[in-house]
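As structure tokens, the structure follows; a few thoughts come after it.
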Amino acid sequence: MSPLALRNIRLLNTFNFCSDFRIYAPIAVVYFAHVTGSYALAVLLFSIAKISSTILEVPTGLISDRVGRRLTIIAGQAASILSIGCYAFGGDFRALAAGAAFEGLAFSCFSGNNEALLYDTLKEEGRRDQYADYQGRASSMFQIALAISAALAAVVLLGFGMRQLFVLSLIPQAIGLAVAFLFHEPAQHDRRFETNIFSHLSEAFAAFAYDARLRELSIASILGFAVGEANHMFYPAFFALLWPSWALGVAGFITHGLATLGFRAAGRLVRRFGELRVLLWSSVASKAFLLSALVVPNVTSPAVSSLASLLFGPNVIAQGSLMQKGFTDAQRATMASLIGFGGNLLFAVAVYALGALADRVGPRYALLTAEILAISVTLLYWRLYRSVSAEMGSNMHEDQAAQR
């Protein structure tokens with residue numbers, strides 16, 4: 001592998017670590033509820049972030065495909081710093097809402113772009129078949145950062161308030177911005193600057209229209225992201241009913257530590273069992289852990305639910321690998337952004353509905369309702385798996401008949 005490609009991969013690992021080294025993550029919803037005085041308003045901030053991301057999702061995807069991956073990452077990281085600054089120094093809902101809007105801009109810049117940067121880098125080296133391995137390692141850096149920052153949060157909360165966690169989180173974000181300037185823009189020989197924006201978008205939509213399996217996988221991704229992210233944001237509120245506030249950092253450390261192991265193993269699992277099997281069974285097992293923690297809540301529930309995070313990495317990497325194979329080269333980031341657009345739009349509704357339901361019935365029953373609804377995503381994976389298995393079996397019978 002060329003030195004420039006190796007540098008991109010190593011920088012992406014470092015950038016991912018800095019980007020998600022957010023000490024405040026385990027207590028974000030609790031802090032927002034403390035400032036605003038309502039769970040509904042607290043999760044409304046997450047909705048604002050997703051609405052902002054939704055509005056900007058497709059434009060930033062177009063920018064990435066037409067201007068470049070490097071500049072898009074730089075813009076996203078600058079927005080991330082502004083976002084956390086608003087959270088750290090804002091004392092009312094309006095300031096927090098401004099931070100959420102900047103966070104949405106950062107999300108939209110990174111969505112599809114960073115995966116495309118890695119895929120383009122590997123494609124340039126003739127190593128596209130190793131995407132799952134490298135993406136698994138790169139994504140594990142998110143979880144390592146979250147695990148370490150969660151452990152640090154538990155220590156900081158012993159002597160300081162929740163606001164200090166946001167201030168400290170600005171340091172790694174500044175380092176991440178410096179790293180973003182060092183990326184090498186991979187060559188994209190098929191990037192078509194002569195097409196206008198509307199033609200570019202129409203070609204992306206046409207690619208979804210022609211590939212039924214990519215379309216079905218995209219629907220499952222949108223539903224899974226919306227419900228899964230909403231639940232993930234709200235689980236600390238459920239844990240807070242069972243563990244003291246300082247221990248929320250411990251729960252975060254366990255969750256992200258297990259997720260790290262899952263991401264590191266994801267590439268090997270995909271190579272051995274294939275994307276669809278990994279996608280289906282990781283979803284089934286994850287639902288089993290989460291539902292068992294919610295149905296019978298006790299002091300072990302946070303630890304039991306954390307076991308689902310071990311399966312998060314294989315699920316994400318298997319799904320991402322299937323999608324990258326289905327995306328066209330010229331519209332790669334745009335197609336990912338269209339899926340992100342749908343996921344963010346649905347998330348904005350789901351997370352506010354979850355918060356409003358929690359205000360009425362409590363976090364546990366709100367999460368239980370959401371997890372039951374999320375079974376529909378697993379059923380979509382099962383349908384896709386059966387469809388592909390049936391086609392493979394049919395092709396095998398035809399080959400055997402031809403040999404006779």
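What you see below is based on every heavy atom in this structure, not just the backbone, and it leaves out hydrogens, waters and symmetry mates. Being a predicted model, the structure only gives us computed values, none of them experimental.
The 12-atom threshold is exceeded at CZ of Arg364, counting heavy atoms of other residues, nucleotides or ligands nearer than 6.0 Å.
The ring-ring contact (aromatic ring centres under 6.0 Å, His included) search around Phe17 returns Phe21, not counting sequence neighbours. In this structure, the salt bridge (charged side-chain N to carboxylate O under 4.0 Å, His left out) partners of Glu371, at least two apart in sequence or on a different chain, are Lys287. Contacts of Tyr235 classified as ring-ring contact (aromatic ring centres under 6.0 Å, His included), with partners at least two apart in sequence or in another chain: Phe239. Considering only residues two or more places apart in sequence or on other chains, Phe183 meets the ring-ring contact (aromatic ring centres under 6.0 Å, His included) condition with none of them. For Phe289, there are no ring-ring contact (aromatic ring centres under 6.0 Å, His included) partners two or more places apart in sequence or in a different chain.
Using a 4.5 Å cut-off on side-chain heavy atoms (C-beta onward), Phe89 and Val167 make contact. With a 4.5 Å cut-off on side-chain heavy atoms, Leu338 and Phe205 count as touching. Side-chain contact between Met141 and Ile144 is present, with at least one heavy-atom pair separated by less than 4.5 Å. Looking at heavy atoms from C-beta onward, Tyr385 lies in side-chain contact with Arg277 at the 4.5 angstrom threshold. Between Val67 and Thr72 there is no side-chain heavy-atom pair separated by less than 4.5 Å. Considering only heavy atoms from C-beta on, Leu357 comes within 4.5 Å of Thr369 through its side chain. In this structure, the side chains of Ile317 and Ser139 come closer than 4.5 Å at one or more pairs of heavy atoms. Side chains of Val227 and Leu223 form no contact here, defined as non-hydrogen atoms less than 4.5 Å apart.
Each salt bridge (Lys or Arg N to Asp or Glu O under 4.0 Å) pair with one or both residues in residues 204-223, not counting sequence neighbours, appears once here: Arg213-Glu391, Glu216-Arg383. Residues in residues 3-19 take part in no salt bridge (Lys or Arg N to Asp or Glu O under 4.0 Å) pair, two or more places apart or across chains. For the ring pair (Phe, Tyr, Trp, His ring centres under 6.0 Å) condition, no pair includes a residue of residues 317-363, sequence neighbours left out. Applying the ring pair (Phe, Tyr, Trp, His ring centres under 6.0 Å) test to pairs two or more places apart or on separate chains, those with a residue in residues 113-138 are Tyr119-Tyr131. Residue pairs that meet the ring pair (Phe, Tyr, Trp, His ring centres under 6.0 Å) test with at least one member in residues 258-281, sequence neighbours left out, are Phe263-Phe312.
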Walk me through whether Thr60 and Asn113 qualify under side-chain contact (heavy atoms from CB on, under 4.5 Å). CA-CA 9 Å; Thr60 53; Asn113 178 78; over 6 Å; no
Go through the steps for Phe15 and Phe142 under the test ring pair (Phe, Tyr, Trp, His ring centres under 6.0 Å), then give the verdict. CA-CA 9 Å; Phe15 178 83; Phe142 289 129; 8.3 Å; no
Residue pair Val35, Leu96: steps toward the side-chain contact (heavy atoms from CB on, under 4.5 Å) verdict: CA-CA 9 Å; Val35 173; Leu96 297 180; 3.7 Å; yes
Applying ring pair (Phe, Tyr, Trp, His ring centres under 6.0 Å) to Phe32 and Phe93, what does each step give before you reach the verdict? CA-CA 9 Å; Phe32 293 155; Phe93 179 80; 9.6 Å; no
Evaluate the side-chain hydrogen bond (donor to acceptor under 3.5 Å, both in side chains) criterion for residues Gln135 and Ser321: first the C-alpha distance (whole Å), next the side-chain angles of each, then the deciding distance (0.1 Å), finally the verdict. CA-CA 9 Å; Gln135 182 59 25; Ser321 180; over 6 Å; no
side-chain contact (heavy atoms from CB on, under 4.5 Å) between Met323 and Gln319: does it pass, once the steps are laid out? CA-CA 6 Å; Met323 286 184 172; Gln319 185 180 86; 4.1 Å; yes
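Separating the CZ atom in Arg264 from the CD atom in Gln143 is a distance of 12.0 Å, to the nearest 0.5 Å. A distance of 8.0 Å separates OG in Ser64 from CG in Asp120, rounded to the nearest 0.5 Å. Interatomic distance, CG of Leu290 versus CG of Leu367, reported as 9.0 Å (0.5 Å rounding). For the atom pair Leu12 CG and Arg69 CZ, the distance stands at 12.5 Å (nearest 0.5 Å). Taking CG of Leu258 as the reference point, atom CG of Leu311 lies at 9.5 Å (rounded to 0.5 Å). Annotation: the span from Ile73 atom CD1 to Asn114 atom CG amounts to 4.0 Å, rounded to 0.5 Å.
Between Asp133 and Arg271 there is a salt bridge, since a side-chain N of the basic residue sits under 4.0 Å from a carboxylate O of the acidic one.
The heavy-atom pair separating Leu182 from Leu11 by the smallest distance is O-CD1, 3.3 Å. Across all their heavy atoms, Leu242 and Ser301 have their closest contact at CD1-CB, 3.8 Å. The nearest pair of heavy atoms linking Cys18 to Pro172 is CB-O, 3.4 Å. Leu56 and Ser108 make their closest contact through CB-OG, 3.5 Å (heavy atoms, listed as atom of the first residue, atom of the second, distance). For the pair Ala138 and Asn13, the tightest heavy-atom approach, listed with the atom from each and the gap, is CA-OD1, 3.1 Å. Between Pro302 and Val299 the shortest heavy-atom distance is CD-O, 3.6 Å.
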Kindly list each side-chain donor-acceptor pair under 3.5 angstrom involving residues 99-107, sequence neighbours excluded, with atom names and distances?
unit_1, atom_1, unit_2, atom_2, d
Glu103, OE1, Tyr87, OH, 2.5

Sequence neighbours excluded and cut-off under 3.5 Å, please list the side-chain donor-acceptor pairs for residues 75-82, or say none.
unit_1, atom_1, unit_2, atom_2, d
Gln77, NE2, Gln173, O, 2.9
Gln77, NE2, Gln173, OE1, 3.0
Ser80, OG, Arg22, NH2, 2.9
Ser80, OG, Gln173, OE1, 3.1

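A donor-acceptor pair under 3.5 Å is absent between the side-chain atoms of Arg137 and the main chain of Ile9, judged by distance alone. Although no hydrogens or angles enter the test, the distance criterion places a donor-acceptor pair under 3.5 Å between the side chain of Arg70 and the main chain of Phe181. At least one donor-acceptor pair closer than 3.5 Å links the side chain of Ser149 to the backbone N or O of Leu146. Between the side chain of Ser282 and the backbone N or O of Val278 there is at least one donor-acceptor pair closer than 3.5 Å. Of the possible donor and acceptor atoms, none in the side chain of Asp20 sits under 3.5 Å from a partner among the backbone N and O of Ala145.
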